[in-house]
Chemist: 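I am attaching a structure below and will ask some questions about it afterwards.
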Amino acid sequence: MRNDLFALTAAAVMAAGPLLCTPGAHADGDNNTLIPNNKRLNDGVVANTYTIQHQAGCTNDVKINPQLQLAAQRHTDDVLNNRNLDGDIGSDGSSPQDRANAAGFHGQVAETVAINPALAISGVELMNQWYNNPADKAIMANCANSQIGVWSENSPARTVVVAVYGQAANAAQRNVAQSLPPGSQANNIPIDPSPDYDASDELEHGINWWAWILRGVSPAPGIPPQ
């Protein structure tokens, strides 16, 4: 009996291994949370910015802008791969405005950057960090910042989240999100009831359904494939 118990425990540990050792998540825009991605975390920043702006009396709906998203991605990758960076200035000396202009956005921009010395960061930790920083909160609450681009990346020792907020210079830029195909990540104002993403989905799935996973059945019966 003890040998059987030991064998079962060892099998459970082996099955949980891939869940606990998942590679760094990427902001790939995929809704499938069984494959690591940061879409819910990024969407949560947009949703919380919308909330903060409306708490400040704004009446506009902040829109995801793919040009600002590209600028945010560029700086996220730069900060993730250059440990000496800890703010808005890139390794090439670029400013948030420089990166936004290079991505095709020519309105005024501002930026918030979060760096967590760990594999992940939750939406709650992230928003607490920015909300409790007067300068960052002022940027998020500025009603003129009607456009936004968010990107995040993870490594075993560092998680970086960058949000770039923009003031559209013309009607074409204000409507850029509306011109994208239906279902596009940038054509979305997400209000997610649980927007934080820190790889917990895989772990929770494994804990809840490990008996079925050991049998080679996933998703478990009664849980339709996503």
Side-chain angles (χ1 to χ4, degrees), residues 23-33 35-50 62-116 118-123 126-127 129-130 136 139-140 145-169 173 176-177 179-181 183-190 192 195-199:
H26 297 280
D28 57 11
D30 189 350
N31 283 302
N32 180 2
T33 55
I35 299 174
N37 71 85
N38 286 1
K39 184 178 187 303
R40 289 205 301 164
L41 176 63
N42 300 343
D43 285 355
V45 173
V46 180
N48 282 298
T49 300
Y50 172 93
V62 62
K63 300 285 186 182
I64 297 175
N65 183 292
Q67 297 162 338
L68 296 180
Q69 197 171 55
L70 181 60
Q73 180 181 5
R74 175 185 174 189
H75 194 50
T76 299
D77 292 338
D78 195 17
V79 174
L80 187 74
N81 295 310
N82 292 279
R83 300 293 297 273
N84 58 312
L85 299 180
D86 60 1
D88 291 331
I89 303 303
S91 60
D92 58 355
S94 63
S95 68
Q97 192 69 58
D98 294 332
R99 293 186 291 271
N101 292 346
F105 188 92
H106 301 294
Q108 182 178 338
V109 304
E111 183 178 83
T112 55
V113 179
I115 302 170
N116 193 40
L119 173 63
I121 187 171
S122 73
L126 175 61
M127 295 314 299
Q129 184 177 141
W130 286 346
D136 290 344
I139 291 171
M140 299 181 75
N145 291 333
S146 60
Q147 310 279 299
I148 188 172
V150 185
W151 202 265
S152 55
E153 293 285 355
N154 312 72
S155 71
R158 203 175 210 203
T159 295
V160 179
V161 186
V162 175
V164 183
Y165 312 79
Q167 302 176 23
Q173 286 190 333
V176 65
S179 66
L180 294 168
S184 168
Q185 182 183 4
N187 195 25
N188 179 29
I189 301 298
D192 192 326
D196 57 300
Y197 180 80
D198 55 4

Chemist: Testing Asn65, Thr112, Leu68 for side-chain contact (heavy atoms from CB on, under 4.5 Å) with Tyr165, which one passes?
Modeler: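 Per the side-chain contact (heavy atoms from CB on, under 4.5 Å) rule, the option paired with Tyr165 is Thr112, out of Asn65, Thr112, Leu68.
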
Chemist: Please check: side-chain N/O of Thr159 versus main-chain N/O of Ala118, any donor-acceptor pairing under 3.5 Å?
Modeler: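 Judged by distance alone, yes, a pair lies under 3.5 Å.
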
Chemist: If you round to the nearest 0.5 Å, how far is CG of Asp86 from CD1 of Ile115?
Modeler: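 CG of Asp86 is found 5.5 Å from CD1 of Ile115.
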
Chemist: Shortest non-hydrogen contact from Ala72 to Gly149?
Modeler: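 Residues Ala72 and Gly149, closest heavy atoms: CB-O, 3.6 Å.
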
Chemist: Does any pair with a residue in residues 67-83 pass salt bridge (charged side-chain N to carboxylate O under 4.0 Å, His left out), and if so which ones, sequence neighbours excluded?
Modeler: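 Sorted pair list: Arg74-Asp92.
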
Chemist: Shortest non-hydrogen contact from Leu126 to Ala114?
Modeler: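 Closest pair (atom of Leu126, atom of Ala114, distance): CD1-CB, 3.3 Å.
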
Chemist: Just by modelled atom types, is the Gly123 backbone N or O under 3.5 Å from a matching donor or acceptor in the Arg40 side chain?
Modeler: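 Between the backbone of Gly123 and the side chain of Arg40 there is no qualifying donor-acceptor contact (under 3.5 Å).
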
Chemist: As an exercise, state the distance from CE of Met127 to CD1 of Ile121, rounded to the nearest 0.5 Å.
Modeler: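 The CE atom of Met127 sits 10.5 Å away from the CD1 atom of Ile121.
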
Chemist: If I compare all heavy atoms of Glu111 with all of Pro96, which pair ends up nearest, and what's the gap?
Modeler: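 Nearest pair, atom of Glu111 first, then Pro96: OE1-CG, 3.6 Å.
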
Chemist: Under the criterion side chain to side chain contact (heavy atoms under 4.5 Å, CB included), I'd like the reasoning laid out for Glu153 against Asn38: C-alpha separation, chi angles, the key distance, then a yes or no.
Modeler: CA-CA 8 Å; Glu153 293 285 355; Asn38 286 1; 5.6 Å; no

Chemist: Within a strict 4.5 Å, meaning less than it, do heavy atoms of the Trp130 and Val45 side chains meet?
Modeler: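 Yes - at least one pair of side-chain heavy atoms lies under 4.5 Å apart.
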
Chemist: Atom OG of Ser152 and atom CD of Gln73: how far apart are they, to the nearest 0.5 Å?
Modeler: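 Here the rounded value is 10.5 Å.
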
Chemist: Kindly compute the distance separating CG (Asn154) from CG (Leu80), expressed to the nearest 0.5 Å.
Modeler: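 Reported to 0.5 Å precision, the distance equals 8.0 Å.
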
Chemist: Does Ile139 offer a backbone N or O that forms a donor-acceptor pair with the side chain of Asn145 under 3.5 Å?
Modeler: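 Indeed, once roles are kept as given, a pair shorter than 3.5 Å links the two residues.
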
Chemist: Counting N and O atoms only, with roles assigned by atom type, does the side chain of Asp98 sit under 3.5 Å from a partner on the main chain of Ala102, one being a donor and the other an acceptor?
Modeler: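 Flag not set: sc Asp98 to bb Ala102 has no pair under 3.5 Å.
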
Chemist: Test Gln69 against every option in Ile64, Val164, Asn42 by the side-chain contact (heavy atoms from CB on, under 4.5 Å) rule and name the one that passes.
Modeler: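 Of all the options given, the one that passes is Ile64.
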
Chemist: Where do Gly87 and Val113 come nearest, in terms of heavy atoms and distance?
Modeler: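 Shortest heavy-atom separation between Gly87 and Val113 comes out as O-CG2, 3.9 Å.
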
Chemist: Counting C-beta onward and ignoring hydrogens, is there a side-chain heavy-atom pair between Trp151 and Val162 closer than 4.5 Å?
Modeler: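 Counting from C-beta outward, Trp151 and Val162 never come under 4.5 Å.
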
Chemist: Find the distance between CG (Leu119) and OG (Ser155) and round it off to the nearest 0.5 Å.
Modeler: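 Spacing of CG (Leu119) from OG (Ser155) equals 8.0 Å.
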
Chemist: Has Thr76 got a side-chain atom pairing as donor or acceptor with Val161's backbone, closer than 3.5 angstrom?
Modeler: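 Looks like no, no N/O pair under 3.5 Å.
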
Chemist: Holding to side chain to side chain contact (heavy atoms under 4.5 Å, CB included), I want the full list of residues that pass it with Gln97, two or more places apart in sequence or in another chain.
Modeler: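 Gln97 satisfies side chain to side chain contact (heavy atoms under 4.5 Å, CB included) with Ser95, Asn101, Gln108, Val109 once adjacent residues are dropped.
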
Chemist: Is there side-chain contact between Thr49 and Met140, with heavy atoms separated by less than 4.5 Å?
Modeler: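 Side chain of Thr49 against side chain of Met140, heavy atoms only: contact under 4.5 Å found.
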
